[in-house]
Amino acid sequence: MGSLFIRFQEAVKTLAKNPMFANNRLFARDPRHLQFEADVNRLFLYTSYYRLGANAEEKDAEEIIDMASKASVSEQQKQVQENVHYQLTNMCQAMDSILLPDTKNGASEANNYPRRSGLSFAVGTGVASANKPDVPSTRPLNRAELSNKFRDHFQYTLDIRPSQIPHKDAGQGLFLSGETNAGAVLAIYPGVVYSPAYYRYIPGYPKIDACNNYLITRYDGTIIDAKPWQLGGDSREIWDGSDLVDYNAVPSKSQESNSDRAWRMLSKPLKKGHTENFGEVLERRNPLAFGHFANHPPKGSTPNVMICPYDFPLTEKDMRVYIPNITFGGEEEPVTMKRFGSFWFKSGRSGNQVGESPVLKTLVLVSTRSICDEELFLNYRYSNSKKRPEWSEFVST
């Protein structure tokens with residue numbers, strides 16, 4: 001398998017010089033779109049490599065590499081979605097086997113759980129109400145116990161501990177405990193998902209990143225705010241993203257000018273309405289929901305994970321509890337927006353066309369090489385207009 005990965009690495013470098021990309025680079029008006037296409041190409045190779053498995057043959061690898069050089073970006077993107085969904089399906093099924101009571105044993109296992117009192121039924125604990133969905137019973141494992149059992153299934157889990165970056169501002173880091181191959185889905189970026197139609201609801205708008213280091217943007221303009229998620233929790237519960245978070249707790253490192261301060265006062269974030277469907281039953285113990293703790297690589301280091309947009313199909317009801325995201329404004333009627341320069345406008349049509357299934361726009365982190373007991377580093381692609389961490393340097397990968 002190691003020799004096959006070397007072949008895949010060579011393919012990544014070769015395809016980057018493909019005339020198709022060279023021509024795009026020459027005539028590209030939007031460098032971000034070119035970067036998106038290059039990322040899709042890499043993700044196609046990495047996730048397909050992982051899906052081949054340990055018993056892969058060289059002819060299988062050559063077939064995928066050949067497809068990567070000929071298939072369109074949209075075709076590769078669909079395959080990446082399928083590859084990621086395949087991995088997450090297996091992970092969700094494993095977590096179901098860990099957390100859900102064994103229905104085959106029926107009453108014998110149910111008797112191991114505390115009985116609810118009449119008062120708990122009266123106040124609605126553990127049962128569905130007119131406004132809240134039912135939260136099914138799960139095994140009483142805490143977050144650390146679930147993480148250890150997850151490692152038993154997949155040979156790795158994630159840990160949060162002080163970063164190994166030798167800088168006082170590095171803070172917490174994301175670590176892989178165990179080992180895995182390239183192309184593995186290692187983490188999900190949790191939190192509240194904002195489409196461009198709801199930007200003005202993001203706390204701190206318009207300077208949304210002034211006091212929040214846990215924001216990330218997909219290529220399509222979708223923003224995910226992981227700050228409300230924090231470290232998750234120790235139960236399966238209804239989560240509406242409205243945890244008490246002080247968005248002014250982390251002062252901005254750059255001085256705010258008078259014009260910035262005036263603009264902030266004139267353009268305050270909008271308040272969430274009380275009628276919105278804004279809550280889902282989520283597994284707060286999810287051992288993968290820590291993508292927001294990955295740091296930008298320090299000088300002399302290269303990223304070992306990369307961002308992968310993942311559109312989770314909301315028709316997968318059994319998996320929904322393990323996707324640690326909720327869409328601001330609800331998931332029933334997405335609004336399609338078009339971008340003109342730095343501005344977004346409604347396109348006049350619904351987000352889902354006839355025949356398309358509704359999706360939740362999320363992000364996952366995919367490994368770019370074999371990793372064993374290491375801190376995970378992600379290239380956040382800071383631009384010159386955005387202050388990079390003092391420990392970082394520009395990384396081109």
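What you are looking at is a predicted structure, and each value in this text was computed from that prediction instead of being measured. Starting from 1, each residue takes its place in the sequence as its number. Only heavy atoms go into these numbers, but all of them, side chains included; no hydrogens, no water, no symmetry mates.
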> With a 3.5 Å cut-off and no angle check, do the side chains of S357 and T315 form a donor-acceptor pair?
Replying inline: no
>> I need the minimum non-hydrogen distance between V73 and V40, along with the two atoms involved.
In response: O-CG1, 3.8 Å
>> Tell me whether E63 at atom CD has more than 12 heavy atoms from other residues, nucleotides or ligands lying less than 6.0 Å away.
In response: no
>> Set out, in order, the CA-CA distance, both residues' side-chain angles and the distance that settles side chain to side chain contact (heavy atoms under 4.5 Å, CB included) for L174 and L158, then state yes or no.
In response: CA-CA 7 Å; L174 180 63; L158 298 175; 4.0 Å; yes
> Does the ring center of Y201 lie less than 6.0 Å from the ring center of Y205?
Replying inline: no
> If we only count heavy atoms from C-beta on, is the I202 to V192 side-chain gap below 4.5 Å?
Replying inline: no
>> One pair to check against side chain to side chain contact (heavy atoms under 4.5 Å, CB included): I64 and F44. What are the steps and the verdict?
In response: CA-CA 9 Å; I64 289 176; F44 174 82; 3.9 Å; yes
> Can you name the closest pair of heavy atoms from D225 and P203 and give their distance?
Replying inline: OD2-CD, 4.4 Å
> Between Q76 and N41, do the side chains contain an N or O donor and an N or O acceptor separated by less than 3.5 Å?
Replying inline: yes
>> Counting C-beta onward and ignoring hydrogens, is there a side-chain heavy-atom pair between F377 and H296 closer than 4.5 Å?
In response: no
>> Using a strict threshold of under 4.0 Å (side-chain N to carboxylate O), is an ion pair present between D159 and R151?
In response: no
>> Let me confirm one number: the CG-CG distance from L376 to L365, rounded to the nearest 0.5 Å.
In response: 7.5 Å
>> Quick one about E316 and H85 (side-chain donor to acceptor, distance below 3.5 Å, no hydrogens or angles considered), yes or no?
In response: yes
> Is the CD atom of E179 crowded by more than 12 outside heavy atoms at less than 6.0 Å?
Replying inline: no
>> Please determine whether ring pair (Phe, Tyr, Trp, His ring centres under 6.0 Å) holds for the pair Y50 and Y46, giving the CA-CA distance in whole Å, both sets of side-chain angles, and the decisive distance to 0.1 Å.
In response: CA-CA 6 Å; Y50 184 87; Y46 288 139; over 10 Å; no
>> Once salt bridge (Lys or Arg N to Asp or Glu O under 4.0 Å) is applied, do any residues pair with R236, and if so which ones, sequence neighbours excluded?
In response: E283
> Do D39 and Q35 have a side chain donor and acceptor closer than 3.5 Å?
Replying inline: yes
> Using a distance-only test with no angle check, is there a side-chain donor-acceptor pair under 3.5 angstrom linking N325 and Y189?
Replying inline: no
> Going through the distances and angles, do I224 and L215 end up as a side chain to side chain contact (heavy atoms under 4.5 Å, CB included)?
Replying inline: CA-CA 6 Å; I224 304 177; L215 293 167; over 6 Å; no
>> With a 4.0 Å cut-off on N to O distance, would you call E375 and R161 a salt bridge?
In response: no
>> Assess the residue pair Q87 and N83 against the criterion (side chain to side chain donor-acceptor pair (under 3.5 Å)); give the C-alpha distance rounded to whole Å, side-chain angles, the decisive distance to 0.1 Å, and a yes or no.
In response: CA-CA 7 Å; Q87 289 192 51; N83 291 345; over 6 Å; no
>> Between R285 and E237, does any NZ, NE, NH1 or NH2 come within less than 4.0 Å of an OD or OE carboxylate oxygen?
In response: no
> If you take all heavy atoms of K149 and I98, which pair is closest and at what distance?
Replying inline: CD-CG2, 3.6 Å
> Could D220 and K361 be called an ion pair, given the rule that one side-chain N must be under 4.0 Å from one carboxylate O?
Replying inline: yes
